[in-house]
Structures are given as C-alpha cells and as structure tokens.
Amino acid sequence: MLMSKLVVKTLREAPADAEAISHQLLVRAGYIRRLASGVYSFLPLGLRVLRKVEAIVREEFDAVGAQELFLPALHPVEIWQETNRINTMDDVLMKVEVRGADFVLGPTHEEAVIATVSPDLASYRDLPATVYQIQTKFRAEARPRFGLLRTREFIMADAYSFDADKEGMRTTYKTIFDAYCAIFDRIGVDYFPVEADAGSIGGDVNHEFMVPAAIGEDHFAYCKACGYAANIEAAVRGERRTESSGAVEVLRKVETPNSPTIKAVVDFLNSHGHVASAENSLKSMIAIGPNGAYHLLLVPGDRKVRIPSSLRAAEASDFDANPNLHLGYIGPVGLREVGVTIWVDRSVSEEIGYCTGANEVGYHLLDVVLGRDFIADHVADLVEVVGGDPCPRCEGDIELVRSVEAGHTFQLGLTYSNKIKSARFSGEDGSEAPYFMGCYGIGISRIPAVVAEVSHDANGLIWPLELSPFEVVVVALGYSTNDLVTDTADRIYDSLLEEDVDVLLDDRNLAAGVKLKDADLIGVSYQIVVGARGVAEGNVEVKDRQSGEATVVAISKVGEYLLDLLA
RNA sequence: CGGGGAGUGGCGCAGCGGCAGCGCACCUGGUUUGGGACCAGGGGGUCGGGGGUUCAAAUCCCCCCUCCCCGACCA
C-alpha cells in the first residue's frame with residue numbers, strides 16, 4: 001500500500017472530546033472517527049487492525065473445532081419474550097418497529113443462536129457442538145465513553161457451546177477457556193482470567209478476561225502470593241482473627257436522635273459518654289428476594305455491602321410497604337420475628353457486642369450479640385473486598401487492580417435451555433433433555449482500544465506485530481527529491497511485496513520530520529527508514545517501534561533482515 | 001436518569017453588542033527533505049437549531065438539540 005493513496009489524515013491535536021489515551025491516539029492516527037456518541041467508523045487503518053483481531057479469534061476458535069456462522073442483528077421480539085429478557089434487559093435493548101412488527105437489535109445472541117441451530121442439534125449424537133459468530137451488536141448504553149471502550153454499536157465474537165450433560169459442558173468450557181488464553185497470548189497484552197459475577201446473562205461458573213489499565217471501569221481482587229483473581233463483584237475475603245474486646249455487656253437501648261447513618265450514630269454516641277466505632281457497628285441493608293420477601297444484610301459498619309446476586313437492593317417503595325422498617329434505624333433484633341430473613345457477613349463475631357438500629361426511629365441498641373440477641377438465617381460473604389483484605393485462598397493480602405473487561409466466558413448450564421422450548425435434544429433413551437450451554441464473548445472492537453491503552457508512548461501507538469495494520473512501513477525521506485532514495489525505497493517495497501510482507505510505503509511529498517512523526521504515531525511494528533544520508537553509503541535503518549532501537553542494515557540485506565524479524 | 005461543562009471552517013482555539021478571526025489541515029506555484037520545514041497566493045463558516053430583545057446579535061434572554069466529564073447503570 002502506498003501511503004499517498006491510503007485514506008488517512010493524521011491530526012496533530014486530538015479532538016477535545018477524547019479523554020482516554022486510546023481514544024485520542026486512535027483518532028489522531030486516523031484509525032477511527034466518531035459518527036455519534038458511542039458510534040464509531042473504522043477507517044482503513046482501523047479496519048486492518050480489526051481484521052487482524054478477528055483472524056486470531058477465528059484461527060483459535062477453529063482450532064478447537066468451533067464453527068463460524070452468522071446470525072441476524074435484527075431479532076423478532078418473540079424470542080426475547082420467551083426468555084423474558086425483553087423485560088430483564090429492557091434498559092439496554094434497542095427496539096425497532098418495522099411495519100407494525102417489533103424487533104430487537106441484538107445485544108447478545110443466546111436466543112437467536114438457539115433458534116437457529118436447535119434443529120441441527122436434535123439428538124445426543126449431534127452433541128457436543130460449538131458455534132461462533134463475529135458481528136455487530138447493539139446496546140443502549142446509558143453513557144458511552146472512552147472512545148471504543150464503551151460504545152452503543154460494537155463488534156463481538158461470541159461462541160456458544162451445546163452439551164448433553166454438565167460434565168460435557170465443563171469439558172467444553174475448559175477447551176474454549178484455553179482457546180481464550182491462546183487468543184489473548186497472541187494479542188500480546190497482560191491479562192487475568194478472573195472469577196466473576198454472572199450478571200444479567202445468568203449461569204454459574206464464569207470468568208472475565210481482564211486487562212489491567214488505568215482507564216479501566218472494573219476492579220478485580222488479586223493475590224500476588226497465590227494468583228487468586230476475582231472480580232470485585234465476586235471476590236471474597238479470607239478469615240482474619242479479630243481479637244475479642246473482652247467482656248460483652250448486656251443489651252440496652254439508647255436514644256440516638258437524628259442519627260440515620262453509621263457515621264452519625266458513632267459521632268453521637270462518642271460525644272455522649274459511649275465508646276463506639278464503625279467496625280463495631282452493624283450496617284443493616286434491606287434487600288428483596290425474587291418472591292418479594294424481605295432480607296436483612298448485616299456487615300461491619302466500615303464496610304460496603306455486596307448484595308448476593310439472588311437479591312436486589314430495596315427501593316423506597318419497599319420501605320413504604322413494610323411498617324417494621326424505619327430507614328436509618330434498622331437492626332436485626334426482632335426483625336426475624338416479623339418475617340425478615342437475616343443474613344450476616346462471615347466476619348460478624350459472636351464475641352463482639354455491636355451497635356445496631358433498634359427498629360425505632362431515634363434509637364439504637366448497644367452490645368447486640370449474634371446468637372444471643374438475634375439469630376442469623378444465613379452466614380455469607382456480604383462485604384465488598386478492599387485492598388489489604390486477607391486472601392481467601394492463602395496467607396497473602398488482596399490488592400485491587402483497575403482493569404478493562406476484554407472477554408467473558410460463562411457456563412450457562414440450563415439457564416436458557418430451560419426457558420426456550422426448542423432448546424432440547426433427544427437422549428439415548430429417547431427422552432427429551434435441555435442443552436447444557438456455555439457462551440464465550442470477546443469485545444472485538446474493544447480490543448484495539450485496550451491494546452492502545454496499554455501499548456503506547458509519547459509519540460503514538462505501538463502495535464504488537466500480530467495486530468499491526470502493516471507489518472512494516474518504509475519511510476522514504478526525500479522520496480520526491482532524491483532519485484537514489486526513491487529508487488531504493490521502491491526496490492525494498494517491491495521485494496517485500498514479493499515476499500507477501502504486509503508493507504506500507506510512505507511515498508508522500510512531505511518533510512522528513514512529518515513522515516517520521518506519522519510513522520511513530522501510527523505505530524506500525526517495524527519502520528525501514530530510507531534517507532539520503534544512509535543510501536549514499538548503501539544503508540537503511542530498521543527501527544523496532546516497540547523498543548525504539550534502530551539498526552543500520554545494508555540495502556542488499558534488508559529484505560532478509562526483515563523476514564527474520566517477522567518470522 | 002441526577003450533577004457539572006462545552007457547542008464558532010475537517011481538528012485545536014480566540015472573539016462575548018458594531019466588517020467572523022488565528023494555528024494546523026486543504027488548494028496553486030516555488031524552495032526544501034533525518035524528527036510535525038519555509039516563502040507567496042488561495043478556497044472553505046446559516047457562529048448547533050428555533051424564538052425573542054435591539055438601529056444592530058456569534059455576543060444579551062427563553063426553549064430545544066448535540067457532545068464531554070462525574071455519578072447511577074454496565075451482556
């Protein structure tokens with residue numbers, strides 16, 4: 001490709017609306033351009049990178065026997081009604097009406113893939129099977145941001161696996177999981193498969209593929225000592241012995257006017273002759289179960305509650321509907337007797353007298369003891385981990401790592417097959433059974449941005465060879481004025497094309513500085529700099545964009561030298 | 001959806017009642033070619049949209065739209 005013909009115009013300055021470094025660089029270097037909020041066009045350079053990402057995914061999926069198919073983006077609303085995700089995913093669905101018929105623009109394709117392939121997977125003899133698709137998906141993101149990192153229209157690769165039983169599903173999951181690792185190895189970024197929360201997609205075991213990055217919207221808990229890694233929404237902390245503070249006094253009620261928060265209560269008590277602290281208070285959070293039942297979650301007052309995925313946080317209307325609940329003064333004592341299920345965090349001790357709400361406006365209880373003054377129905381991990389918490393697997397400490405989610409694999413089990421009539425096959429004994437499914441997604445259009453976030457310098461992008469839009473750029477300085485340069489650059493370019501190298505020749509009539517700056521900005525993995533100074537002595541310079549190292553190479557040897565680098 | 005900020009040529013910005021400007025980019029001619037080079041000439045704008053105030057509005061007022069940031073949300 002001749003750069004004079006390439007549809008691209010680099011920018012010296014980034015658009016003012018680009019915040020993330022990946023966004024700035026991809027726009028400046030001419031890879032992408034915004035069409036609307038969260039909607040981006042891929043220019044020729046950007047598409048080349050995208051195609052390379054896709055090629056890696058195809059190769060690794062194909063290698064484990066997954067078969068590519070193509071599904072519609074336009075889904076009839078009925079298939080979304082069958083799983084009820086028309087309601088549960090309402091906030092992200094883009095809906096369109098076409099001549100009186102209702103459609104959904106697919107944000108994910110579980111319904112569509114089942115509807116499509118179930119006739120082909122009618123018997124246990126047809127299983128296991130894995131199919132995948134690489135295509136555009138849509139989400140009505142409330143707030144698109146960070147360029148390609150969170151968009152309304154995006155390209156995903158999603159694989160879907162179908163097995164006859166749980167064991168088969170687990171085996172398939174492991175196979176695809178390994179393929180994911182192979183994919184991310186080739187993409188060339190540091191990544192961590194972390195245990196994660198299943199979110200609205202449902203299912204059981206699942207892993208997020210996280211790439212540590214300063215811009216990341218997620219955090220995962222990580223233990224350097226043993227490698228434990230879990231999304232903050234799924235992470236738990238280990239036990240740490242809390243020293244008992246000695247004798248626990250009797251339960252008593254104290255007046256605490258205008259103290260609806262932990263901080264207010266602690267401040268009030270401490271200034272009125274009591275000794276109180278957030279750690280020795282219990283934060284009481286009301287959550288609602290799937291059947292509308294009330295649950296009380298108790299965690300130490302200095303910690304953030306992590307609501308179990310089976311429950312949802314209570315809303316104002318839920319408090320209004322239950323006369324036993326006085327927001328700001330809720331506590332465990334007596335609530336179980338009025339039908340509230342009591343949960344306590346694992347760290348709540350039976351040897352500590354806690355301060356809790358008295359279920360009466362303006363009053364709290366002191367020295368409330370688990371087992372003595374109230375009984376817990378469930379003991380669970382209810383706090384969000386923080387840096388410094390003990391690792392649940394070893395003696396180490398947890399740290400929180402900011403990161404971007406690049407992929408997500410799920411063991412769905414029967415989550416969808418149980419809801420969708422056609423998601424069944426005939427077993428060996430002739431009876432019908434639902435598929436054990438898995439699904440596995442990679443944000444294809446997010447990958448270039450993720451890589452750009454972690455691989456750039458002050459001069460621009462730095463692509464790993466596998467993703468570089470070209471393998472090498474021939475930067476011809478004085479191409480329009482120096483015949484020897486022109487001739488040398490052309491010969492190198494032609495010989496590389498001959499060897500099927502993906503090569504770009506900067507033949508533009510521009511100042512040397514501009515060409516060198518552009519080459520760095522665009523970030524092609526290798527540069528061959530052809531200048532008057534070198535060619536007079538029979539040399540060119542080969543620069544590795546990653547290391548910045550430049551090597552003087554004889555013109556006659558440069559083809560061979562480069563093929564070695566690319567091998 | 002709540003809070004904050006911004007819309008002036010492709011990009012970055014100035015102008016803030018009185019002729020719409022600057023840098024980059026673009027076009028023509030010339031010089032130049034190892035780190036965004038120089039000279040001369042040139043093209044491109046309903047100042048986001050609508051309404052109002054005024055002799056006069058990019059500039060003041062009202063409504064709307066779009067975009068960005070923080071939060072809520074996040075397959």
Side-chain angles (χ1 to χ4, degrees), chain A residues 8-20 23-24 27-28 30 33-39 80 83 85 88-94 104 106-111 137-147 149-152 154 156 158 160 196-203 206 208 216-218 231 233 313 315 404-405 407-410 412 415-416 439-443 446 458-460 475-482 484-486 489 506-521 527 529-536 539-541 543 548 550 552:
Chain A
V8 70
K9 195 76 75 184
T10 59
L11 295 175
R12 195 182 296 229
E13 290 172 288
D17 61 16
E19 172 89 353
H23 187 193
Q24 293 177 8
V27 171
R28 277 189 59 208
R33 187 161 292 138
R34 192 180 66 77
L35 190 58
S37 181
V39 181
W80 284 83
T83 54
R85 287 210 291 180
T88 56
M89 286 184 70
D90 178 65
D91 51 338
V92 300
L93 290 180
M94 289 197 202
V104 167
T108 175
H109 284 64
E110 285 78 15
E111 287 85 350
K137 308 203 176 193
F138 300 86
R139 290 176 57 88
E141 284 294 344
R143 181 144 91 87
R145 59 184 124 175
F146 304 139
L149 287 172
R150 182 159 294 281
T151 56
R152 291 186 164 134
F154 52 95
M156 286 280 296
D158 269 312
Y160 300 95
D197 189 67
S200 66
I201 199 159
N206 71 98
E208 283 175 326
E217 299 176 87
D218 294 305
N231 186 292
E233 273 147 32
E315 294 162 15
V404 175
E405 178 185 354
H408 205 155
T409 56
F410 300 84
L412 295 175
T415 310
Y416 293 90
C439 79
Y440 319 84
I442 292 184
R446 187 181 266 192
N459 295 318
V475 186
L477 308 178
Y479 187 86
S480 307
T481 53
N482 183 315
L484 191 54
V485 167
T486 314
D506 190 349
D507 60 334
R508 298 174 301 170
N509 181 13
L510 290 173
V514 176
K515 294 186 168 194
L516 291 165
K517 286 283 188 193
D518 270 353
D520 283 350
L521 177 60
Q527 302 172 7
V529 181
V530 181
R533 214 170 57 194
V535 292
N539 295 324
V540 295
E541 211 172 86
K543 182 175 146 185
V552 175

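Lettering of chains follows the sequences in order, A, B, ..., and the numbering in each one begins at 1. Below, all heavy atoms of this structure are taken into account, side chains as well, without hydrogens, waters or symmetry copies. Keep in mind it's a predicted model, so treat the numbers as computed, not measured.
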RNA chain B in dot-bracket form (Watson-Crick or G-U pairs under 3.5 Å, [ ] crossing, | inter-strand) is ((((((((.[[[[.)..(..]]]].((((((.....)))))).....[[[[[..)....]]]]])))))))....
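Nearest to the side chain of Arg145(A), among C26(B), A75(B), A72(B), sits A72(B). Distances from the side chain of Lys9(A) to the nucleotides A75(B), C69(B), C26(B) place C26(B) closest.
Distance, Arg139(A) CZ to C74(B) P: 9 Å, rounded to whole Å. Look at CD on Glu13(A): it is 12 Å from P on C11(B), rounded to the nearest Å. Spacing between atom CG of Asp91(A) and atom P of C74(B) amounts to 7 Å, rounded to whole angstrom units. To the nearest angstrom, P of A6(B) lies 16 Å from CD of Glu19(A). Spacing between atom NE2 of His23(A) and atom C1' of G12(B) amounts to 15 Å, rounded to whole angstrom units.
For Arg150(A) against C74(B), a side-chain N or O and a base N or O form a donor-acceptor pair under 3.5 Å.
Within the 4.0 angstrom heavy-atom criterion, only backbone atoms of the sugar-phosphate kind lie near Ala14(A); the bases stay farther away. Nucleic acid contact class of Phe154(A) (heavy atoms, under 4.0 Å, all strands): base.
Judged by distance alone, the side chain of Lys515(A) and the main-chain N or O of Leu477(A) form no donor-acceptor pair under 3.5 Å. A donor-acceptor contact shorter than 3.5 Å is absent between the side chain of Asn206(A) and the backbone of Glu208(A). Of the possible donor and acceptor atoms, one in the side chain of Arg446(A) sits under 3.5 Å from a partner among the backbone N and O of Glu405(A).
To the nearest whole angstrom, the two C1' atoms, one in C74(B) and one in C1(B), are 14 Å apart.
OP1 and OP2 of U66(B) both lie 4.0 Å or more from every side-chain N or O belonging to Ser37(A). Between A75(B) and Arg85(A), no contact under 4.0 Å exists linking OP1 or OP2 to a side-chain N or O.
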Annotated protein contacts, base or backbone, on nucleotides 28-38 of chain B with a non-hydrogen cut-off under 4.0 Å, one of B, S, - each:
----BBBBBB-
Pair Thr10(A), Lys517(A) - check side-chain contact (heavy atoms from CB on, under 4.5 Å), show working.
CA-CA 10 Å; Thr10(A) 59; Lys517(A) 286 283 188 193; over 6 Å; no
